[in-house]
2 protein chains.
Amino acid sequence: MSAPDVRTRIVMAAMELFWVKGYNSTSIADILSRTQLNAGSLYHVFPGKQDVLIAVLEAYRDGLYENLVDPAWEGVDDPVERIFALLARYRWLILETDCTYGCPIGSLALELHEADPVVRELLAVNFTGWVGAILRCLDDAGDRLPPGLDKQALAEFVLTTMEGGVMQARTHRDVGYFDRGVSALRDHFDMLLARAARRAQPA
Amino acid sequence: MSAPDVRTRIVMAAMELFWVKGYNSTSIADILSRTQLNAGSLYHVFPGKQDVLIAVLEAYRDGLYENLVDPAWEGVDDPVERIFALLARYRWLILETDCTYGCPIGSLALELHEADPVVRELLAVNFTGWVGAILRCLDDAGDRLPPGLDKQALAEFVLTTMEGGVMQARTHRDVGYFDRGVSALRDHFDMLLARAARRAQPA
DNA sequence: AGCCCTATTGAATGCTCGTTCAAGAACCGG
DNA sequence: CCGGTTCTTGAACGAGCATTCAATAGGGCT
């Protein structure tokens, strides 16, 4: 319950500000006023603004399960349903933000056009972590999915569905765009599950 | 062959700069040096920077078929193949830019967090136009697709696949992410076409 | 108390940005 | 060739930006 240290306060404030305003549109002054710190304190901990971004991306990477995946999977055991539970969590975030929600990683990935290699690598790692969580579900689904299915590709496709749905929902300010994307993915899974069942049934 | 007028030169330069560097990272000075114009000339035509953005988005909207769709569809008549021909064009763009390609509209949609209503509407209209082109293909495919299929949703799903694939390909600097997304969408279409054929065959 | 190292303060710096505007050039109808 | 309008020039402005740093405070050790 003790006050978090300076570094943590900065990272948490920057996390939210980068998410709401984007990286370039967030000034150091924004972070300072939000954290009630002075410029020197920030620059004592971080060499520069980009290093704050790096710390934010590391925080997303390290908090993936704790902050996003585990809450979404609470009370959901079926591996396939876990995938859609995670997507449902994003739907909730969209509603909670009046359809202004944007995936923090996706937004940063598209905003930073000439990103430093370290930053780009962290963006990629964040995507890989997310896809890894889905991949775990697909592995757990075992032979309910067709044999020979490229599970890595399918896991990436789930991320694609989320990112595309979030992007369109925000642009149109309408969850329907997200819902229809998830619905299409659901059809995709249903067809895959049906195909696997058809092969398994006639033993 | 005569030199294009000032407005056109500005819009064309801004189109490329916004695409390469993003909106916020492109300065008026960038546009001026690229067009060899002076500040006064730009401000004589446009009230401000945002109006340049609006003109750029209108140009994308108005040039959708001429600059993107028609070239992609040249020599491709089958409506379903036209969808994948359009995606193939994006694949080519990704390769042409060494996997740094980003959809101009998608990038702007995620970069502009607190966008003016006019700008947001134009972003939405651009998406709608793109989806409309896909929808036309789906309609042309007629009863090759299952009856009762939500074609609007499927068309949006194609956009989702493109945006998600482009985003991941760029972040990982690897076309494979785009290819696997398209491949998953191909599977999706194959399964839909097979389902429709199964229903039609046993007359 | 005295010392040293770490942490904080907040004004100052230099830069870039979008935008303005008075002055002048180019154009055109009569 | 004149008068009026449109377009261009390019310096100037003020605001906001990331970053620096000398001065100061705090905390732990002897």
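Letters A, B, ... are given to chains in the order of the sequence lines, protein chains preceding strands, and every chain is numbered from 1.
- Atom CD1 of B:Ile28 is separated from atom CG of B:Leu37 by 11.5 Å, given to the nearest 0.5 angstrom.
- Rounded to whole angstrom, the span from the CD atom of A:Gln50 across to the C1' atom of D:dT19 amounts to 14 Å.
- Contacts classified as side chain to side chain donor-acceptor pair (under 3.5 Å) and involving residues 180-189 of chain A (residues at least two apart or in different chains) are given here: A:Glu81-A:Arg186, A:Arg180-B:Glu156, A:His188-B:His188.
- Whole-Å rounding puts the B:Leu32 CG to D:dA11 P distance at 13 Å.
- Residue B:Met191 places its CE atom among more than 12 non-hydrogen atoms of other residues, nucleotides or ligands, all under 6.0 Å distant.
- A donor-acceptor distance shorter than 3.5 angstrom exists from the side chain of B:Asn126 to the backbone of B:Leu57, with no hydrogens or angles considered.
- In this view, A:Tyr60 satisfies the ring-ring contact (aromatic ring centres under 6.0 Å, His included) rule with no residue, not counting sequence neighbours.
- Side-chain contact between A:Met12 and A:Arg34 is absent, with no heavy atoms from C-beta onward closer than 4.5 Å.
- Taken residue by residue, residues 111-121 of chain B places no heavy atom nearer than 4.0 Å to DNA chain C.
- Straight-line distance from the CZ atom of B:Arg7 to the C1' atom of D:dT6: 17 Å, rounded to whole Å.
- As a whole-Å value, the separation of B:Arg9 CZ from D:dC7 C1' is 13 Å.
- Residues satisfying the ring-ring contact (aromatic ring centres under 6.0 Å, His included) test with B:Trp73, not counting sequence neighbours, are none.
- Evaluation of the salt bridge (Lys or Arg N to Asp or Glu O under 4.0 Å) rule for B:Arg82 yields no partner, not counting sequence neighbours.
- Here the P atom of nucleotide D:dG10 and the CD1 atom of B:Ile28 are 18 Å apart, to the nearest Å.
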Can you tabulate the close N/O pairs, meaning under 3.5 Å, that link protein atoms to atoms of nucleotides 23-27 of chain C?
none

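- Looking at the side chain of A:Val6, the nearest of the listed nucleotides C:dT8, C:dT19, D:dA18 is C:dT8.
- Applying the salt bridge (Lys or Arg N to Asp or Glu O under 4.0 Å) test to B:Arg173 and every residue at least two apart in sequence or in another chain returns nothing.
- When only modelled atom types and interatomic distance are considered, B:Asn38 and B:Ser41 share no side-chain donor-acceptor pair under 3.5 Å.
- Computed from coordinates, the A:Asn24 CG to C:dC17 C1' distance equals 13 Å when rounded to whole Å.
- Backbone-only contact: A:Thr26 has heavy atoms under 4.0 Å from sugar-phosphate atoms and none from a base.
- For A:Phe84, the ring-ring contact (aromatic ring centres under 6.0 Å, His included) partners at least two apart in sequence or on another chain are A:Phe189.
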Tabulated below should be each protein N or O lying under 3.5 Å from an N or O of nucleotides 23-26 of chain D; please produce it.
none

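- Per the geometry, CG belonging to A:Asp5 stands 16 Å off P belonging to D:dG27, to the nearest Å.
- Each of A:Asp30 and A:Pro47 was matched to the nucleotide of DNA chain D holding its nearest heavy atom; the match closer to the 5' end belongs to A:Asp30.
- Screening residues 51-79 of chain A for salt bridge (Lys or Arg N to Asp or Glu O under 4.0 Å) gives A:Asp78-A:Arg144 as the qualifying pairs, with residues at least two apart or on separate chains.
- At whole-Å resolution of the value, NZ in A:Lys21 and P in D:dG16 are 12 Å apart.
- Residues passing the salt bridge (Lys or Arg N to Asp or Glu O under 4.0 Å) test with B:Asp30, sequence neighbours excluded: B:Lys21.
- Between the A:Thr26 side chain and the A:Leu17 main chain, a donor and an acceptor come within less than 3.5 Å of each other.
- Of the residues in residues 38-45 of chain A, A:Ala39, A:Gly40, A:Tyr43 come within less than 4.0 Å of DNA chain D through at least one heavy atom, sorted by number.
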